[in-house]
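Residues take their numbers from the sequence shown, with the count starting at 1. What's counted below: heavy atoms across the whole structure, side chains too, no hydrogens, waters or symmetry copies.
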Amino acid sequence: NGSVAIVSAPRTGGFVIPTGTCTGTVTQLGGTPVLRALVQANAAGQVTLSPRITDPAACTQIVQAVDIPTCRQSRVMPVH
């Protein structure tokens with residue numbers, strides 16, 4: 001049960017989170033990641049997303065979730 005950052009980037013890589021609770025955490029995102037949402041996980045630590053994608057360019061992005069309290073990361077997922 002905590003905050004989860006949903007982040008996207010144009011490619012995979014090793015972006016290092018520069019500030020905040022997870023400073024120094026190396027993500028699997030490359031380029032310049034963009035924070036897309038900050039959401040709350042349920043009691044099981046899960047988040048379900050159903051975004052409405054209106055920009056076709058978004059389909060070239062990859063997404064990763066970062067659990068703010070623990071800095072644990074999801075696997076990288078392509079946007080479809």
Side-chain angles (χ1 to χ4, degrees):
N1 236 67
S3 295
V4 177
I6 308 300
V7 186
S8 73
R11 62 182 181 278
T12 57
F15 180 80
V16 179
I17 298 174
T19 60
T21 303
C22 296
T23 299
T25 300
V26 180
T27 70
Q28 297 172 27
L29 301 174
T32 304
V34 175
L35 176 64
R36 298 295 176 177
L38 191 59
V39 297
Q40 288 296 119
N42 65 21
Q46 299 171 333
V47 172
T48 300
L49 301 173
S50 298
R52 182 169 177 242
I53 300 172
T54 57
D55 181 0
C59 292
T60 64
Q61 297 283 300
I62 56 170
V63 176
Q64 186 171 34
V66 179
D67 180 72
I68 302 300
T70 65
C71 302
R72 291 182 61 195
Q73 303 168 48
S74 71
R75 59 186 171 89
V76 173
M77 298 164 280
V79 174
H80 294 299

Next item on the list: Indicate yes or no for a side-chain donor-acceptor contact from Q64 to the backbone of S74 under 3.5 Å, with no hydrogens or angles considered.
Entry: yes
Check: By the rule that ILVMFWY residues connect when side-chain heavy atoms come within less than 4.5 angstrom, directly or transitively, which residues belong alongside V34?
Finding: none
Notebook entry, point to check: What are the two closest non-hydrogen atoms of S3 and P69, and how far apart are they?
Noted result: O-CD, 3.4 Å
Next item on the list: Please list all pairs passing the side chain to side chain donor-acceptor pair (under 3.5 Å) test where one or both residues lie in residues 21-39, with sequence neighbours left out.
Entry: S8-R36
Note to self: Same cluster or not: V39 versus V63, using hydrophobic residues (I, L, V, M, F, W, Y) connected whenever any side-chain heavy atoms lie under 4.5 Å apart?
What the structure shows: yes
Next item on the list: With rounding to the nearest 0.5 Å, note down the distance linking CD1 in I62 to CZ in R75.
Entry: 12.0 Å
Notebook entry, point to check: For the residue pair P10 and G30, what are the closest heavy atoms and their distance?
Noted result: CD-O, 3.7 Å
Item checked: Minimum-distance pair of heavy atoms, taken over all atoms of A9 and P33 -> CB-CA, 4.0 Å
Notebook entry, point to check: Within the distance-only criterion (no hydrogens, no angle test), does the side chain of Q73 pair as donor or acceptor with the backbone N or O of V26 below 3.5 angstrom?
Noted result: yes
Margin query: To check you understand the geometry: which heavy-atom pair defines the closest contact between C22 and V66, and what is its length?
Written below: SG-CG1, 4.2 Å
Next item on the list: Check which hydrophobic residues are tied to L38 through side-chain heavy-atom contacts below 4.5 Å, counting indirect links as well, and list them.
Entry: I68
